[in-house]
2 protein chains.
Amino acid sequence: MSNSISLVALRLFVRVAATGSFAGAARQQGLPASSVSRHIAALEKALGQRLLYRHTRAVRLTEVGERYYQQVREILDTLDIASEQAAGTASQPQGLLRINAPVAFGRRHIAPRLASFQARYPRIETELTLSDAFIDPVQEGVDVVVRVGALNDSSLVARRLAEQHFVVCAAPDYLAQWGIPATPESLVEHNCLIYKGTRGVQQWYFRSEGARRYQVREVRGNLRSNNAESLLEAALQGQGIVLFPTWLIHAELKAGRLIPVLSDWEASGEPAPQGIHAIFPENRLRSSKVAAFLEDLQATIGEPPYWDA
Amino acid sequence: MSNSISLVALRLFVRVAATGSFAGAARQQGLPASSVSRHIAALEKALGQRLLYRHTRAVRLTEVGERYYQQVREILDTLDIASEQAAGTASQPQGLLRINAPVAFGRRHIAPRLASFQARYPRIETELTLSDAFIDPVQEGVDVVVRVGALNDSSLVARRLAEQHFVVCAAPDYLAQWGIPATPESLVEHNCLIYKGTRGVQQWYFRSEGARRYQVREVRGNLRSNNAESLLEAALQGQGIVLFPTWLIHAELKAGRLIPVLSDWEASGEPAPQGIHAIFPENRLRSSKVAAFLEDLQATIGEPPYWDA
DNA sequence: AGGTGAATTGCATTATGAGCAACTCGATCT
DNA sequence: AGATCGAGTTGCTCATAATGCAATTCACCT
């Protein structure tokens, strides 16, 4: 019985259970869905037990399937770690490293680093996926997820990469034409380009040097967007004032295309300070490729991060 | 890399590492040695690392192989347990149960039980190997080993099945012809059939009712053997007096073909009391088929064991 | 009601593993 | 010291199993 179980079947089962879909698992592993179906069927036959309820639309784990899934996931992880350690002895980290990051942050701060990272670890292949929706690394089968802001899931391990700082700024043209605001309160007189995401319109928070709590200040303007890059573009063209994290606009600030204003206040897009974190399933922490990536990333970002220096 | 690893390869690797031999692993798994060779080669290729030193006569684990072996063994065990639990939910214990026992004890007290045990658990297949040499359950890939006497290896878990009691006895014919010895000391006047194993000639120990320590008493006779059955046969034919554990001769005692003597003393073949134990690798304890077997065995043996009742 | 995406099944092709035999190489035996 | 035996590897053929594609069924969405 247990001799007729194959590793691929177990891997596929874990993927199916995590994604809740045969097709999803098939895509992730680059196999036709029919193979997935047959492997799972073979596994169930070997165990003599149904692991998944097929509901045609969605796939749900059986009670025994749920237990088995938890155990097999753990087993496969430790097997992979063991194999990696065995393979990696006296050699470099290797294998496929799947990274997921927010679009803007990934393009600016992850993607440019990958070349030198891979030059340093030539045996690591990387697969960079950028998406702004929250990604469950377990569900997607991803090694590392970089997220900005809130952390909720406690079954994951997070490592802080940097603090996020916001600045209010505008193009020199805009400031020349409309003047430089002297206080946060005076922003109501200006055209502010406001981010409007899934959580609604972003508030602008301020606190004076040394103050503990942030205060919301009213802002308004003629352009709102759920796409930060569009707002940035508009700001560069002198359309208005923007509030952005420094990692997003440090190049523009440095080049002088955007000028910080209200430097006597600390600005923020959130009521509380937010960090930039790498999160990953607990087991992946012991993976040398993940460790190498995090170490490399943290070293290049630096403390304080290079975009704030 | 880790995707190209197969479960059979891992299983074979564990068996090879445990037995220290490709051929041995091949025999245990019922595969040609060539397959074993190729699977191990494939595993090493997948890891990019040599796991075993081939020394033509013996096979030794590499340093990385040693670590990998320990980890993979653990992993496969937990996988098997998980699979068994999944398979066994709402059903009976199943699978192959490999038992090893001493020849005499196995024939008398294990083999006769297997029929009813397997009737009770029809989905368990058993494989009973009888051998008197000490067997390492890990090395031999056995689920349960029954041993009489000394326990040494601490990496194994043991469960006491029964205490071992010895009796001195002889055939009625012998006693009629030569008389009944009144004291242990008078045994020197008798023809004692003595077991001579790998640890030399077996001593005969006695202590009177309530005494703490056993005392050796001199015995001699015209037949010594390393085969208990031969001595038993000779005793049944009236050749002499024997010292045997009760589990070995309870049928003959009950039938009156052997008559106990010196009943006022406790006899023993060992300087200290010895038990009958089931031993097994730690992980197997959680296996339901092992648990079922031990429970069944212990229930039928009883307390005190049926051969002493 | 029709369309879509997901899972299963049938079938032809391909690839992978089993089994057998031949070969090499040490170690042990005589 | 030479012969023999056992152990591991390699080449080869054959059977089994996995793959990929197409067809089918079914629930759900529009």
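A note on names: the letters A, B, ... follow the listed sequences, proteins ahead of strands, and every chain is numbered from 1.
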Give me the residues of residues 11-27 of chain A where at least one heavy atom lies under 4.0 Å from an atom of DNA chain D, by number, or none. none
Using 4.0 Å as the upper bound for N to carboxylate O, is an ion pair formed by A:R11 and A:D80? yes
Protein-nucleotide distance (B:L7, atom CG; C:dG17, atom P), rounded to Å: 13 Å
In whole angstroms, the gap separating P of D:dG8 from CD of B:E44 amounts to 13 Å
Drop me the distance from A:F293's CZ to A:F117's CZ, to the nearest 0.5 angstrom. 6.5 Å
Apply side-chain hydrogen bond (donor to acceptor under 3.5 Å, both in side chains) to B:E84 and B:S288, showing your working. CA-CA 8 Å; B:E84 202 200 296; B:S288 68; 2.4 Å; yes
In whole angstroms, how far is the P atom of D:dA7 from the CD atom of B:Q28? 13 Å
Are A:R15 and A:E140 within salt-bridge range, i.e. N to O under 4.0 Å? no
Go through the side-chain N and O atoms of A:Q92 and A:R123 and say whether any donor and acceptor fall under 3.5 Å apart. no
Please list, by residue number, the residues of residues 35-42 of chain A whose heavy atoms come closer than 4.0 Å to an atom of DNA chain C; answer none if no residue qualifies. A:S37, A:R38
Ion pair check, A:E125 and A:K289, cut-off under 4.0 Å: no
Between CZ of A:R54 and P of D:dT24 the distance, given in whole Å, is 22 Å
Are B:E44 and B:R54 ion-paired here, with the side-chain N under 4.0 Å from a carboxylate O? yes
Nearest-Å distance, CG (A:L31) to P (D:dC21)? 12 Å
B:S131 and B:N100: side chain donor to acceptor below 3.5 Å: yes
d(CG, A:L43; P, D:dA18) in whole Å: 12 Å
Check every atom of D:dC21, C:dA18, D:dG8 against the side chain of A:S34 and return the nucleotide holding the closest atom. D:dC21
